[in-house]
Structures are given as structure tokens and as C-alpha cells.
Peer 1: 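There's a structure below that I have some questions on.
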Amino acid sequence: MVFRLTEEKDSASIKKSLDDTVHKLEQDQSSSKSWRSTTADNREQWEELKSKIKERQRALKELVHEKKSGSIGQGEFDTKFRKLQDELTELEFQVYNMRLGTDISM
């Protein structure tokens, strides 16, 4: 019985934590203000993240062009594509962590 009460309490705290996280990600006025404040407070880190994301997106677009033109094979494309996607995912986690004030990683 004690285990069950602890389990329910843990479930309640987990649910509250998830609800708080979802609220931070919602596109309402308070979350937008909070996000603007976070980017302003961390301007250098935010600008660096944006730059890295744009760079990886350009590399991904270039990779697709190389594949379409036939200058690289399917195997090389798949390897480079996965690497770029992993890098973009890691950068997105950094953005979410900045926005949420957390330290979640892949």
C-alpha cells in the first residue's frame, strides 16, 4: 500500500512536470515573452545556435543536390545524411533546453 501511494505521488509530480514543460512550449503570449527574455539573456549562445543550425541545414541541402546530380552514391549520402540529421537533432535539443531551462539530451 505504501508503494502505491509513493507511485501515485511520483506519477502526480511527473504529470505536473510534463504539464509545465508543455506550457513552456506553447505559443501563447507568456511563453513568447519568456522565450524573448531567454534569448536576450543568452544572446551570444542563441546566435551561435542559430548559426550552427543554418550551417547544418545548408549542408543538408547541398548534400541532397549532390545526390540528385549523381556526384555521390547512396551509401555516402546515407552516412552523411544521418550525421547531419544527428547534429541538427542535438542543436534542437540545445534550443529546447535553453527555452525550457533544462538539461535534456539525446
Peer 1: Tell me, please, which residues at least two apart from E47 pass salt bridge (charged side-chain N to carboxylate O under 4.0 Å, His left out).
Peer 2: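 Only R43, K50 meet the salt bridge (charged side-chain N to carboxylate O under 4.0 Å, His left out) criterion with E47.
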Peer 1: For a 4.5 angstrom cut-off between non-hydrogen side-chain atoms, does N97 reach Q94?
Peer 2: no
Peer 1: Who pairs with E92 by side chain to side chain donor-acceptor pair (under 3.5 Å), at least two apart in sequence or on another chain?
Peer 2: none
Peer 1: Using every non-hydrogen atom in the two residues, find where I53 and L88 come nearest and quote the distance to one decimal.
Peer 2: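 Result for this residue pair: O-CD2, 3.9 Å.
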Peer 1: Only pairs at least two apart or in different chains count here, so list each salt bridge (charged side-chain N to carboxylate O under 4.0 Å, His left out) that has a residue in residues 56-73.
Peer 2: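 Counting only pairs at least two positions apart or across chains, the salt bridge (charged side-chain N to carboxylate O under 4.0 Å, His left out) contacts touching residues 56-73 are R56-E87.
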Peer 1: Not counting sequence neighbours, which residues clear side chain to side chain donor-acceptor pair (under 3.5 Å) with D78? List them please.
Peer 2: Q74
Peer 1: If the condition is salt bridge (charged side-chain N to carboxylate O under 4.0 Å, His left out), which residues does R82 pass it with, not counting sequence neighbours?
Peer 2: none
Peer 1: Got a second to check how far L63's CG is from E76's CD, nearest 0.5 Å?
Peer 2: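 Going from CG on L63 over to CD on E76, the span is 8.0 Å.
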Peer 1: Between CH2 of W46 and CG of D41, what distance do you get to the nearest 0.5 Å?
Peer 2: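 The distance works out to 14.0 Å.
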Peer 1: Working to the nearest 0.5 Å, report the span between CG of L84 and OG1 of T79.
Peer 2: 11.0 Å
Peer 1: For S69, what residues pass the side chain to side chain donor-acceptor pair (under 3.5 Å) criterion, not counting sequence neighbours?
Peer 2: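 For S69, the residues satisfying side chain to side chain donor-acceptor pair (under 3.5 Å) (neighbours in sequence not counted) are S71.
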Peer 1: Quick test of your reading: applying ring pair (Phe, Tyr, Trp, His ring centres under 6.0 Å), list the pairs with at least one residue in residues 59-80, sequence neighbours left out, ordered by first then second residue.
Peer 2: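 As it turns out, the ring pair (Phe, Tyr, Trp, His ring centres under 6.0 Å) pairs with a partner in residues 59-80, which skip direct neighbours, are F77-F81.
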